[in-house]
Amino acid sequence: MARNPHAPFPAAYWADRLGMSGREFHRSVRIATGVPYPTWRRVSRMTFAREALLRGVPATTVAQQTGYSQLSSFSRAVSATFGAPPRHLASLSGADRNSLPEGPPALRARRAEQFGPSGHSRR
């Protein structure tokens with residue numbers, strides 16, 4: 001799953017592959033990531049997209065690789081996640097790249113709650 005988060009496999013596919021019930025799978029993903037499977041999958045796809053765009057891969061190619069059939073849908077998803085369209089991400093210099101958010105606000109809040117500002121687990 002982590003190597004290919006943009007693969008079009010639903011939770012039931014992974015649950016079956018791992019020998020779990022759907023409920024067990026969803027619970028395991030939530031425990032491991034702090035977010036539901038659909039959220040984790042969306043964030044993983046956007047993280048993959050961000051990294052590809054920063055490497056200079058064309059937006060049309062990244063959109064196809066992440067499962068978007070329309071560039072406009074991909075562009076809206078990237079803008080909603082990172083606050084900037086794909087063309088802006090592709091043009092960022094090294095220093096500017098560090099200022100990008102790591103994902104949607106809800107996931108960033110969950111990470112801060114779980115790990116605190118130092119990045120160390122509070123558990």
Side-chain angles (χ1 to χ4, degrees):
M1 269 183 355
R3 278 184 260 138
N4 195 6
H6 46 282
F9 301 123
Y13 168 86
W14 293 113
D16 184 56
R17 188 126 189 222
L18 295 168
M20 310 170 112
S21 71
R23 187 179 191 141
E24 289 173 310
F25 174 78
H26 281 283
R27 192 178 84 240
S28 295
V29 169
R30 185 180 275 281
I31 288 169
T33 66
V35 295
Y37 174 72
T39 302
W40 175 85
R41 186 166 180 245
R42 185 177 64 252
V43 169
S44 296
R45 288 169 71 193
M46 287 295 102
T47 300
F48 173 87
R50 179 189 64 205
E51 297 305 317
L53 291 165
L54 291 173
R55 287 193 317 271
V57 178
T60 52
T61 302
V62 180
Q64 291 171 347
Q65 290 174 338
T66 54
Y68 288 88
S69 59
Q70 305 255 333
L71 183 57
S72 59
S73 298
F74 172 71
S75 183
R76 278 192 302 276
V78 169
S79 294
T81 302
F82 300 111
R87 70 180 171 277
H88 178 75
L89 295 183
S91 70
L92 291 176
S93 66
D96 293 332
R97 292 176 184 188
N98 295 332
S99 67
L100 284 174
E102 293 184 24
L107 185 62
R108 291 193 307 270
R110 174 69 178 162
R111 279 193 197 121
E113 172 189 305
Q114 200 170 18
F115 297 103
S118 67
H120 293 74
S121 178
R122 292 183 175 181
R123 294 181 182 160

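- Between Ala59 and Pro86, the closest heavy-atom pair is CB-CB, 4.0 Å.
- Atom CD in Gln65 sits 9.5 Å away from atom OG1 in Thr60 (nearest 0.5 Å).
- Figure legend: cation-pi geometry between Arg17 and Phe25 absent, as NZ or CZ is not positioned both under 6.0 Å from the six-membered ring centre and within 45° of its axis.
- Remark: the backbone N or O of Val43 is paired with a side-chain donor or acceptor of Thr47 at under 3.5 angstrom.
- Here CD of Glu24 is found 6.0 Å from CZ of Arg27. Values are rounded to the nearest 0.5 Å.
- Closest heavy-atom contact between Val78 and Pro85: CG1-C, 4.2 Å.
- Nearest heavy-atom pair across Leu53 and Leu89 is CD1-CD1, 3.9 Å.
- Ser73 places a side-chain heavy atom less than 4.5 Å from the side chain of Arg76.
- Annotation: side chain of Pro36 is not in contact with side chain of His26 (no heavy-atom distance under 4.5 Å).
- Residues Val35 and Trp40 come closest through the heavy atom pair CG2-N, 3.8 Å.
- In terms of the side-chain contact (heavy atoms from CB on, under 4.5 Å) criterion, Ser69 has no residue partners (sequence neighbours excluded).
- Aromatic ring centres of Trp14 and Phe9 lie closer together than 6.0 Å.
- Between the side chain of Arg45 and the backbone N or O of Thr66 there is at least one donor-acceptor pair closer than 3.5 Å.
- Here the CZ atom belonging to Phe82 is positioned 7.0 Å from the CE atom belonging to Met46, to the nearest 0.5 angstrom.
- Of the possible polar contacts, none joining the Ser75 side chain to the Leu71 backbone as a donor-acceptor pair under 3.5 Å is found.
- For the pair Pro58/Thr61, a side-chain contact is recorded, criterion being any heavy-atom separation below 4.5 Å from C-beta on.
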